[in-house]
Structures are given as structure tokens and as C-alpha cells.
Protein chains: 2
Amino acid sequence: MAEKRLYHTVANQILELIDSGVFPTGSRLPGERDLAKKFGVSRVAVREAEIALQAQGRLEIKVGSGAYVLDGSKGSHNGLPKVGPFELTEARALFEAESAALAAPIITDDAIAELENYIGIMSGKVKSEMTPDDADAAFHNAIARATNNHAIIFVIDSMWKMRKEAAQLQKVYRCVCEKDSSHREDEHQAILTALKNRDSSAARQAMRAHFTRMIEALLEASEEEAYQEVKRQASESRSRYMLAKQLS
Amino acid sequence: MAEKRLYHTVANQILELIDSGVFPTGSRLPGERDLAKKFGVSRVAVREAEIALQAQGRLEIKVGSGAYVLDGSKGSHNGLPKVGPFELTEARALFEAESAALAAPIITDDAIAELENYIGIMSGKVKSEMTPDDADAAFHNAIARATNNHAIIFVIDSMWKMRKEAAQLQKVYRCVCEKDSSHREDEHQAILTALKNRDSSAARQAMRAHFTRMIEALLEASEEEAYQEVKRQASESRSRYMLAKQLS
DNA sequence: ATTTCATAATTGGTTCTACCAATTTGTAAA
DNA sequence: TTTACAAATTGGTAGAACCAATTATGAAAT
């Protein structure tokens, strides 16, 4: 929690008070002078902290009135929305399939070798400092890069970041991944084979199958245990998923 | 250029000096005291401006040393990459087609009515405060919202923002859109019809056709006049586009 | 001539005081 | 009750002063 600049620690203290519900969304913060006294720092430090929070979109400062807490739930600090596991996987199924299809005809041999390496890391056959999860991310990112399309690269990266963000999502994914790590390897291999053959349709199909299986695993996991929140989302998304499956 | 808070104007002044090459990437800015004197403001104002720029990732401040200009070329102020017209349109062709396909089976009648309204605005038959371009954006955004998938909404919105960013892109698009406004109307109508029929495949196809035609218009435009920069990109992308066309 | 190292100068970090301007609040008059 | 004006509160800006980290300087040692 100790930061380099004083205003960082102050900003974090304010953030904590916001997250703990002391300052709910929409409420007005105490004046700069009060906060300075409360935190035992100068008014300038509080001011800089509030400016930084404003730049992050967490506060709105009105002159002569005060600083107000903005809704930090969506479009939070890095501009990414918070998404549920189902909708994210659904989106990835669609977009990554197109990414792979576009990459297939033009992927280089170097990129193919890179993908093989990542599969090796994920299966544990190749030792590396990368975690299997990092290798998984690198695998999908490398395919996006193979499209040579910066917009596509951005989209794929963004979705991976969304996945990394939600702590809850992390748990669910970890569970699903551990359970089906062998499936995952086969599926990645199938994707690689399709790319090796420069077969667009096969690549699209393999990538869709990869995520379709993941959605099924998520559905299964949502039946178990304490995934109540996921369960709620599951009921919302299941019908859509079934429909989406038809048009694969 | 006149902002509400003084540190905003100072930040913009600094940004201008950076963009105009006075302070190249990696160089050190003059001290806070010097800048304060140069801009005729207090040191506090300069300081707050630099903090805001640091929050935006444009500066790195080292204590006792100075403020250094960071590379603002990629992942710039809003986290969006700078993309060329071809790659962006290519990505939109793929992703928006899937968005429409997913929306088709579940789109509500209200959303259909909304889309009809936007088409009316674009054709000038319905009067509104919206510009045709805004209506165009709203049209595609509404389809994304119809998917009820926040990740997809984010992606479609992001790509629209990328389009709005590049000034050069703006020029080209405007040229293309003006020339083929009638085509655009027909294409949007076709997309709407497919959605009305809840026909996923038709929606996908119609959306692809919409962007495929746009790419062709871009290629044509790049042949003309002074679009040298676009031309360069065109030669890079043309082969990819041809390949992508095959797998439509 | 080169290296080393203590010192001075520079730079950002923090605090304090003071005053200005916009906003809100409170109160008295209509 | 409503209106109008004044006072209190709040953020905005300025200047000076001092601290701590960094960098530049220059004399002394090699």
C-alpha cells in the first residue's frame, strides 16, 4: 500500500473508503481541507490525489461544490467493461473464430512454430517461465497477430484482459481449465493443424469448437457448488447459447 | 482550447509542444519552475498538469530528475490503437457480421423499430438532431446491444471509436460515404430485413456485404487523388482482402 | 590525463498561507 | 411563501519555503 508519491497513498485511502461503502456512488466527499486533516497531509496532497482519481474517471470535481463519487462499476480504470463468463466466452467464440479464419491463409511458418511452442508449454512438455495460462493467452494472441490486423489484435487482447480482471471469473475458469486440460490440448492442436493446412474454414470451426466446449464446461460447473452468481448468468445466457450453437 | 481548470490548458500546451516535436519522445521536459514561468502560471498548475499527463501515460516523472516524454504512438490517450482504414473495415466486416448473426434470433421488436428510425435519419426522411454519421454509429451499436452481450457491445463501440479518431480516416470515409450513400441505405435495409426475419445467416451475409462494398469503395478511392498514405496501406491489405473475400 | 569523491546545484515532493471565484446555504425582506 | 441578498463553504491558484533524491561540478588523488 505504500506508494512512492504521497498523493498515491492518499488516492488509495480515498478509494478504500469508496469501496468500503463509506462514500457511496454519487455521494459528495468531504472538503479538501477536511480530508487533509483526516489523513494528516497537506491540502495539496489531497488535491493531487483527487485530480488523479478524476483522471481515472472515479471522481467528478465541481468547483465550489465538491468532489463526487462516480460509478466505478463499468468502464472502470482501464476502460474495459465487466463481463460475465458466458457472454465473454460467447464473444470469444465468435471473434476468435474469425481471427483464426483470417489468419489461416497468411500465417507464417515462424508463427506456426511459435504456436507449437506455446502448446508445448501448456502441456508441460516444454519448460518455460511462462505459466500455462500465460501460454494460453500467448497462443490466442499470436493467432491474432498473424492476421496482421491491429484492430483484431486489439479486440482479442481486450477480451483476454477482461477475463483476467474479474476475480470471480478467474476462479471459474481455473476450475474449468484444470478439469479439462487434456481437452484443451487436443483443441489447440486441432486449431494448429488447421492453420498449418492454411484452411480457413477448418480453423474457424476448430476455434469455435474450442470455445463451445468451454461454454459447456462452464454450464456444467455452474450446476455445482457455490457458483450462485454464475448460475444466475447461466440461466440468462443458456438460451442464447443454444441458439448460437445452431448457427455454428 | 480554453478549459475549465487551469491545469487542463497547461496540460494541452505541454501536449502541443510534445506533438509538435519540441519535446521528442524520451526527452526531458524543462523543470516545473521553468515551465511555470514560460506559461505564466504557478508551479502548482504545472505540477497538476504533469500529474494528469502521467495518469494518461504520456509522461513519466522521476523524482530529482525530471519529467520524461513517453511514447504516445500506441495505446494512446484512450487505450485505442491507431489503425488504418483497410484493417479496421476488415475487422468490422468479420466482427459486426457475427454480431448481427447473434442478434438476429433474439432481437426485440423495439430494437427493430429503433433501427428503422436510424435508417430514416440516415436517408434524411426522418428529421433529427443526429447527423447521418451519428445515426450510422447508432445503427451498428443498436445491433450490438441486441446481442445482449457486453463484450460484443464493447468491441463494436471500440471499433467505431477507432474510426472516429484518425483524422485521415475521417476524410476517406466521408468521401466514400458521400459517394455511395444510396448503396449504404440499401445495405442497411437488407441488414434490417434479415434481422426482422430473425435470419442469422442472412444477417451475417448482409453485414459482410455492407463492409465488403465499403472496402471496394476504399480501394477505388485509394486509386484517386492525393490519398498516398491510404494507397500504401491499400497495397499492403489488398492481397489479404482478396483472400478474406474468398472465405465469405 | 584519468579517476574518484565530496560538494553544490538542480529537480521533483510536500507543506503552509493567503486570496480568488464559484456554489451553496441561511436569513431577512417583500 | 417566495424572493433576494449576504455569509459561509468549497474548489482554484499563487507564492514562498523547505525536504529529499538526483545530477552536475570541480578539486584532489592516482
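Chain letters run A, B, ... following the sequence lines, proteins first and then strands; every chain starts at 1. This structure is a prediction, so every number in the text was calculated from the model and none was measured.
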### Message
Is the ring pair B/H140/B/H210 parallel, tilted or perpendicular, if the boundaries are 30 and 60 degrees?
### Response
parallel

### Query
Rounded to whole angstrom units, what separation is found between the CZ atom of B/F39 and the P atom of D/dA14?
13 Å

### Query
Taking atom C1' of C/dT15 as reference, at what distance in whole Å does atom OH of A/Y7 sit?
17 Å

### Task
Please figure out whether B/A67 or A/V63 has its closest DNA chain C nucleotide nearer the 5' end.
B/A67

### Query
To the side chain of A/L6, which of D/dG11, C/dT15, C/dG12 is closest?
C/dT15

## Note on the structure
Closest to the 5' end of DNA chain D, once A/G64 and B/G40 are matched to their nearest nucleotides, is A/G64

### Task
Provide, to the nearest angstrom, the distance between the CD atom belonging to A/E32 and the P atom belonging to C/dC16.
15 Å

### Query
Atom CZ of A/R28 and atom P of C/dT24: how far apart are they, to the nearest Å?
10 Å

### Query
Do side-chain atoms of A/R28 reach the backbone of A/S65 as a donor and acceptor pair under 3.5 angstrom?
yes

### Query
D/dT23 phosphate, OP1 or OP2: any side-chain N/O from B/S65 under 4.0 angstrom?
yes

#### Entry: Interatomic distance, A/R33 CZ vs D/dG12 P [rounded to whole Å]
11 Å

### Task
Please confirm whether any donor atom in the side chain of B/R43 sits under 3.5 Å from an acceptor in the base of C/dG13, or the reverse.
yes

#### Entry: Given C/dG13, D/dA14, D/dG12, the nucleotide with the shortest approach to the side chain of B/V41
D/dA14

### Message
Need one value for A/V44: base, sugar-phosphate or nothing, where a base atom within 4.0 Å counts as base even if backbone is also close, heavy atoms only.
### Response
base

### Task
Kindly point out which of C/dT14, D/dG12, D/dT13 is positioned nearest to the side chain of B/E48?
D/dT13

### Message
Measuring to OP1 and OP2 of C/dT15, would you say a side-chain N or O of A/S42 lies under 4.0 angstrom away?
### Response
yes

